[in-house]
Amino acid sequence: MAVRPVMRILRRAAPTSSLVILAAQLGSGVATAGLLLLTTDILSSLLATVPNADRLRAALPALAMLAAVYVVKMILDAAVLHARAHLVPKVRRLAEEELFHASLGVELAAFDDPGFYDQLHRARDRGVMHLEGATACLVDALSAAFAVAGAAAALLLLHPLLLVLLVLALLPEGWAALHAARLQYGGMPLTIAYTRRAQMMGELATQREAAPEIRANQAQEYVLSEFRRCAGELQDHLVRLGIAEARATTSGRLLSGAGLVGTFVALGWMLHQQWLDLAVAGTAVIAIRATSGSLRMFMQMVHELFEKGLYISDYREFTENSAALSRPRRGTAAPASPGRIALENVGFRYPGEHGRTALRDLTLTIEAGQTVALVGENGSGKTTLAKLLAGLYRPGSGRICWDGVDIREMDPESLADRVVMVQQHPIRWPRSAEDNIRLGRYARTDPEEAALMEAARQARATEVVETLPDGWRTLLSREFRGGQDLSAGQWQRLAVARGLYRDAPLVIWDEPTAPLDARAEHAVYESLRGLSRDRTVVMITHRLASVRNADRIFFLERGALVEQGTHRELLAMDGRYAELYRLQMRMHGPEPVGEP
Ligand SMILES: Nc1ncnc2c1ncn2[C@@H]1O[C@H](COP(=O)(O)OP(=O)(O)OP(=O)(O)O)[C@@H](O)[C@H]1O
């Protein structure tokens with residue numbers, strides 16, 4: 001059930017509105033009871049065996065009271081509606097903020113665990129929405145419950161047997177609503193599974209990223225037929241559920257009709273026995289008719305709370321699990337400028353059921369100020385090693401030390417502060433061109449824009465910005481009106497500029513020049529040469545000619561370090577590096593572009 005998580009979030013999101021709602025609902029329930037008791041008084045006066053004018057006169061005070069109570073009840077109901085209007089958006093905002101806070105706080109490795117990733121997306125796509133819906137349901141369920149309770153209290157005061165009658169009259173209706181809810185709830189796991197499959201295909205059909213490849217591979221018919229298959233299964237399932245529900249509702253209505261007839265018979269019998277007078281019996285009829293609507297509403301809301309509870313459990317589990325996966329915010333500060341970086345028997349395996357061992361027993365040292373290169377074939381573990389060096393992943397075994405201190409003992413934020421990492425597939429921020437560079441270190445003060453301009457110049461990003469309609473302020477996202485997209489190489493120039501703007505003592509470049517043209521690549525290597533004067537640079541590249549001047553080259557194979565040394569030493573060794581180098585020289589010639 002969704003009640004507990006909703007209550008928990010309500011306490012934090014909108015405690016005042018929640019209390020206002022509860023108090024107003026309680027008042028409205030009391031008013032319902034009052035209205036019924038006053039109705040009895042009015043009926044008693046009107047049914048009295050006196051002249052008509054006297055009957056009316058006798059009924060007037062109760063009528064005036066009834067009008068006053070009615071106005072109060074309307075005001076209270078309006079207060080509930082107003083407070084509900086505040087409550088629901090506040091819950092959504094807080095739920096989303098908590099989800100994003102949790103997601104941004106977890107260790108990077110968690111994103112490599114398919115289970116975690118799946119849960120995160122379920123929590124984001126459905127959990128938040130249903131938490132918001134469940135809040136509205138809870139408010140409506142409570143309103144209906146207070147209305148039923150008010151009527152029950154009034155009948156109890158009039159005659160205890162009337163309460164029994166009310167229960168008997170409402171029982172069939174309640175049974176039907178609960179049965180329908182149980183049917184829906186039982187079918188929910190299948191509904192979710194079918195819906196997700198159909199949605200996945202729907203996303204492929206509508207996403208911008210997938211659009212070019214689907215057309216180029218002529219996969220439109222495949223996407224549509226898969227959607228038809230999944231949506232067909234969903235449709236059949238929903239029809240089956242709907243028919244079962246309709247049957248339950250129809251039998252509920254039949255029973256409810258029988259219950260009503262039974263109630264009238266019982267009321268008639270009580271009148272005949274003179275246990276009640278006519279006015280009380282009339283009030284009982286009014287109460288039973290009015291309450292059946294509230295009860296139906298209550299059951300419907302309980303049903304929806306059950307249904308939403310299933311989705312909300314995804315949200316709850318995610319926020320609870322992510323707390324255990326979050327990066328610790330403690331430890332010693334990382335050295336302002338790391339001296340020696342040493343890896344001792346480092347091993348790493350990606351998380352998840354089918355996670356691979358990506359690094360095995362790596363031992364190597366990088367001295368301060370060196371430029372080192374990580375080379376090796378696809379999948380040999382270069383990027384994984386770079387991420388470990390940057391502190392983004394923690395070693396599964398062994399340790400990485402900066403000046404003799406294990407980086408696990410350092411505060412992750414201070415460690416991150418010392419590193420620039422230009423990734424193989426950098427993020428394309430859907431922000432302005434300027435933000436795309438400044439986001440390298442968004443808190444950096446650069447009032448004269450000198451750092452921004454210098455970084456852009458070195459990465460040849462200035463030329464990109466000059467072609468944009470709104471210059472530095474151009475929004476770089478085609479998904480918004482007026483936004484622009486860039487070519488892969490132009491995006492890469494911005495990413496390189498972002499790295500240069502960030503500026504930190506350890507610089508890690510993961511194939512930064514792959515999509516660049518010759519001139520931009522040359523510019524990047526020039527700026528790298530400048531940077532390496534007083535920084536430690538770790539470079540990953542497949543162009544072996546570009547690493548000939550590196551102080552040290554580490555050659556990885558299937559996650560293990562198989563060769564290391566300078567370019568000359570590795571050629572003299574005549575091993576795997578030398579073989580790959582010669583192969584590249586034969587393909588590209590002895591003087592490739594971009595040589596530092
Ligand atoms: N996020 C991930 N989850 C699970 N396994 C991964 C993940 N990233 C990489 N791997 C696996 O880890 C191994 C090393 O990958 P890595 O990306 O470090 O190689 P690489 O040398 O950088 O390759 P490339 O030259 O193609 O960029 C590969 O077997 C890869 O399949």
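Counting starts at 1 for both ligands and their atoms, in listed order. Predicted model, so just to flag it, every value in this text is computed and none were measured.
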Q | Per atom 26 (O) of ligand 1, closest listed option by heavy atom (D112, T541, N378) | A | N378
(Q) Going by the closest heavy atom to atom 5 (N) of ligand 1, which one wins out of Y393, Y350, Y117? (A) Y350
(Q) For the residue pair Q584 / R543, report whether a side-chain donor-acceptor contact shorter than 3.5 Å exists. (A) no
Q) Can R126 and Q199 be counted as having a side-chain donor-acceptor contact under 3.5 angstrom? A) yes
Identify, for [atom], the protein heavy atom at the shortest distance, and state residue, atom and that distance.
atom: atom 30 (C) of ligand 1; answer: R356 NH1, 4.4 Å
atom: atom 17 (O) of ligand 1; answer: T383 CB, 3.7 Å
atom: atom 18 (O) of ligand 1; answer: T384 OG1, 2.5 Å
atom: atom 27 (O) of ligand 1; answer: Q424 NE2, 3.1 Å
atom: atom 25 (O) of ligand 1; answer: K382 NZ, 2.8 Å
atom: atom 28 (C) of ligand 1; answer: G379 O, 3.8 Å

Do any N/O atoms on [X] end up under 3.5 angstrom from N/O atoms on ligand 1?
X: H542; result: yes
X: G376; result: no
X: A358; result: no

Q. Would the number of heavy atoms belonging to other residues, nucleotides or ligands and lying under 6.0 Å from CZ of F100 be above 12?
A. yes
Q. So with a 6.0 Å cut-off around OH of Y117, is the heavy-atom count from everything else above 12?
A. no
**Q.** Nearest non-hydrogen partners of L364 and L385, listed with the distance
**A.** CD2-CD2, 4.4 Å
Q | Where Y315 and A95 come nearest, the two heavy atoms and their spacing | A | OH-O, 2.7 Å
Q | Residue from L506, T536, T371 passing side-chain contact (heavy atoms from CB on, under 4.5 Å) with I366 | A | T536
(Q) In terms of relative ring orientation, are F555 and Y577 parallel, tilted or perpendicular, with 30° and 60° separating the classes? (A) perpendicular
Q | Where ligand 1 meets E377 - atom numbers and elements under 4.0 angstrom, heavy-atom basis | A | 21 (O)
